[in-house]
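Small disclaimer: the values here were computed from a predicted structure and weren't measured. Letters A, B, ... are given to chains in the order of the sequence lines, protein chains preceding strands, and every chain is numbered from 1.
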Number of protein chains: 2
Amino acid sequence: MKDERFSFSKCSLTRSMGIIGTKWKPIIVYVLQTRKVRFGQLDAYIPLITRKVLTEQLKELEDDGLVIREAFSELPPRVEYSLTEKGLALLPILNSIIVWNEKYETEPKENYCPTSEFFKD
Amino acid sequence: MKDERFSFSKCSLTRSMGIIGTKWKPIIVYVLQTRKVRFGQLDAYIPLITRKVLTEQLKELEDDGLVIREAFSELPPRVEYSLTEKGLALLPILNSIIVWNEKYETEPKENYCPTSEFFKD
DNA sequence: ATTTATGGTTACTGCAAAGTAACCACTATC
DNA sequence: GATAGTGGTTACTTTGCAGTAACCATAAAT
């Protein structure tokens, strides 16, 4: 997030929300898990995300130190994304957020968060 | 957060970020802890927050089921805010987010998150 | 030439979060 | 009357997130 109101805050919580408190980043991190995933796989697997937003968010996640982007010199072009240690450390927090929400959501809804379970090697 | 792109999402993570992924709500929840705190105390203790935003965020936190607002029939007017069980359950998550950020922040900064430690009974 | 595969990029738009500035209501005190 | 205490409310503005639509580049296959 480029919003300096978040990133320039003296409060660690606020700075953190500037990184993860967005619509798509948590999902991307959650989907990556421990795998290396290609752009097109992410695009196909995360419902409703546009390639424009996916590109942006991956770039920001890379800037924020959560994601590694590995480009290969080959054609068709091939790029793989994976989590850094920092990104991996966020996973249990995301899981606890899901558990928290599902426990206390007023009108319980199904959880359709994409996971990495469906990726084929 | 009124943004329906978050609250109407099928993904529990996205709905959660719609509730907590904002600038001020995490701080407000963090400050409340287990205490009953008055509007003016929150205003005085959370640096830089405007009464306008504080009012809004408290209202939304109440709507989201994280905060209880208790108004007393007296003058001067007295209103007290406290966390619900749902709000209390979020505290350890906020703590782990702080720990995560401080561990992995590129250029470590001081953490000036207001806490409830300074409230006098 | 057209389509497919791969990973994007660009121009534009709408909307909500957050901020600024001013104001409100009631009561009590000086 | 002015100030202070309490808890707000209102009108307006700025900014960035996210979405829409179209396009780009390279290579290979039909």
Side-chain angles (χ1 to χ4, degrees), chain A residues 1-9 11 13-15 17-28 36-64 67-82, chain B residues 1-9 11 13-15 17-28 36-64 67-82:
Chain A
M1 182 183 278
K2 294 167 258 173
D3 197 332
E4 297 178 347
R5 291 175 303 192
F6 283 78
S7 54
F8 283 8
S9 170
C11 176
L13 255 185
T14 309
R15 298 197 295 275
M17 285 305 158
I19 295 173
I20 65 173
T22 65
K23 180 173 182 182
W24 293 110
K25 286 184 193 171
I27 296 182
I28 294 172
K36 297 193 177 187
V37 187
R38 302 173 66 165
F39 182 91
Q41 286 175 307
L42 288 172
D43 185 32
Y45 197 63
I46 304 182
L48 301 179
I49 196 169
T50 63
R51 298 201 302 284
K52 179 251 189 191
V53 166
L54 181 56
T55 305
E56 277 180 354
Q57 300 303 299
L58 284 168
K59 177 67 169 54
E60 282 186 31
L61 282 169
E62 193 185 355
D63 292 341
D64 292 332
V67 160
I68 297 169
R69 178 182 183 276
E70 196 172 1
F72 297 82
S73 299
E74 59 186 73
L75 286 174
R78 171 157 153 243
V79 179
E80 288 182 347
Y81 294 90
S82 55
Chain B
M1 184 184 275
K2 292 168 258 178
D3 197 332
E4 296 179 347
R5 291 175 304 191
F6 284 78
S7 54
F8 283 8
S9 170
C11 175
L13 254 185
T14 308
R15 297 197 296 275
M17 285 305 159
I19 296 174
I20 64 172
T22 65
K23 182 173 181 182
W24 294 109
K25 287 183 191 170
I27 295 182
I28 294 171
K36 297 194 177 186
V37 188
R38 300 173 66 164
F39 182 91
Q41 285 174 307
L42 287 171
D43 185 32
Y45 196 63
I46 305 181
L48 302 180
I49 197 169
T50 63
R51 298 200 302 283
K52 179 251 191 191
V53 167
L54 181 56
T55 305
E56 276 180 354
Q57 300 303 296
L58 284 169
K59 177 68 168 56
E60 282 186 30
L61 283 168
E62 192 184 356
D63 292 341
D64 292 333
V67 160
I68 297 170
R69 179 179 182 276
E70 196 173 1
F72 298 81
S73 301
E74 58 186 72
L75 286 175
R78 170 157 155 241
V79 178
E80 289 183 346
Y81 294 90
S82 55

Colleague: Can you pull out every salt bridge (Lys or Arg N to Asp or Glu O under 4.0 Å) where at least one residue sits in residues 44-58 of chain A? Sequence neighbours excluded, please.
Modeller: A:Lys52-A:Glu56
Colleague: Nearest-Å distance, CD1 (A:Ile19) to C1' (D:dC17)?
Modeller: 16 Å
Colleague: Among all residues two or more places apart in sequence or in another chain, which pass the salt bridge (charged side-chain N to carboxylate O under 4.0 Å, His left out) test with A:Glu4?
Modeller: none
Colleague: Just jot down the salt bridge (charged side-chain N to carboxylate O under 4.0 Å, His left out) partners of B:Arg78, sequence neighbours excluded, or say none.
Modeller: B:Glu74, B:Glu80
Colleague: Which residue, B:Asp63, B:Val53, B:Ile28, forms the side chain to side chain contact (heavy atoms under 4.5 Å, CB included) with B:Leu58?
Modeller: B:Ile28
Colleague: Please state how far atom CZ in B:Phe8 lies from atom P in C:dC15, giving the value in whole angstrom units.
Modeller: 15 Å
Colleague: Report the distance from atom CZ of A:Arg78 to atom P of C:dG8, rounded to the nearest whole Å.
Modeller: 13 Å
Colleague: Roughly how many Å is it from CD in B:Gln41 to P in D:dG8, rounded to a whole number?
Modeller: 13 Å
Colleague: Can you name the atoms? Protein N/O to nucleotides 28-30 of chain C N/O, anything below 3.5 Å, with the distance.
Modeller:
none

Colleague: For A:Lys2, check side chain to side chain donor-acceptor pair (under 3.5 Å) against everything at least two apart and list the hits.
Modeller: none
Colleague: Between C:dA17, D:dG8, C:dG8, spot the one nearest the side chain of B:Phe39, thanks.
Modeller: D:dG8
Colleague: Quick one: list whatever passes side chain to side chain donor-acceptor pair (under 3.5 Å) with A:Arg38, sequence neighbours left out.
Modeller: none
Colleague: B:Asp43 has an atom CG; how far is it from atom C1' of D:dG8, in whole Å?
Modeller: 10 Å
Colleague: At how many degrees, to 10°, do the end axes of the helix from C:dA1-D:dT30 to C:dC30-D:dG1 meet when each uses five pairs?
Modeller: 30°
Colleague: Distance check needed: D:dG7 P versus B:Glu70 CD, whole Å only.
Modeller: 13 Å
Colleague: Quickly work out the B:Met17 CE to D:dG16 C1' distance and round it to whole Å.
Modeller: 18 Å
Colleague: Does anything in residues 18-27 of chain A pair up under salt bridge (Lys or Arg N to Asp or Glu O under 4.0 Å), and if so which pairs, sequence neighbours excluded?
Modeller: A:Lys25-A:Glu60, A:Lys25-A:Asp64
Colleague: For nucleotides 18-25 of chain C, just jot down a letter per nucleotide in 5' to 3' order: B, S or -, based on protein non-hydrogen atoms under 4.0 Å.
Modeller: BBB--B--
Colleague: Given atom CG of A:Leu54 and atom P of C:dT10, what is their separation to the nearest angstrom?
Modeller: 16 Å
Colleague: Using side chain to side chain donor-acceptor pair (under 3.5 Å) as the criterion, list what pairs up with A:Gln57, not counting sequence neighbours.
Modeller: none
Colleague: Excluding sequence neighbours, so at least two apart, what forms side-chain contact (heavy atoms from CB on, under 4.5 Å) with B:Val79?
Modeller: B:Arg69, B:Ala71, B:Tyr81
Colleague: What pairs with B:Glu62 under side chain to side chain donor-acceptor pair (under 3.5 Å), at least two apart in sequence or on another chain?
Modeller: none
Colleague: Quick check on side chain to side chain contact (heavy atoms under 4.5 Å, CB included): which of A:Leu42, A:Asp43, A:Ile27 does A:Ile49 satisfy it with?
Modeller: A:Asp43
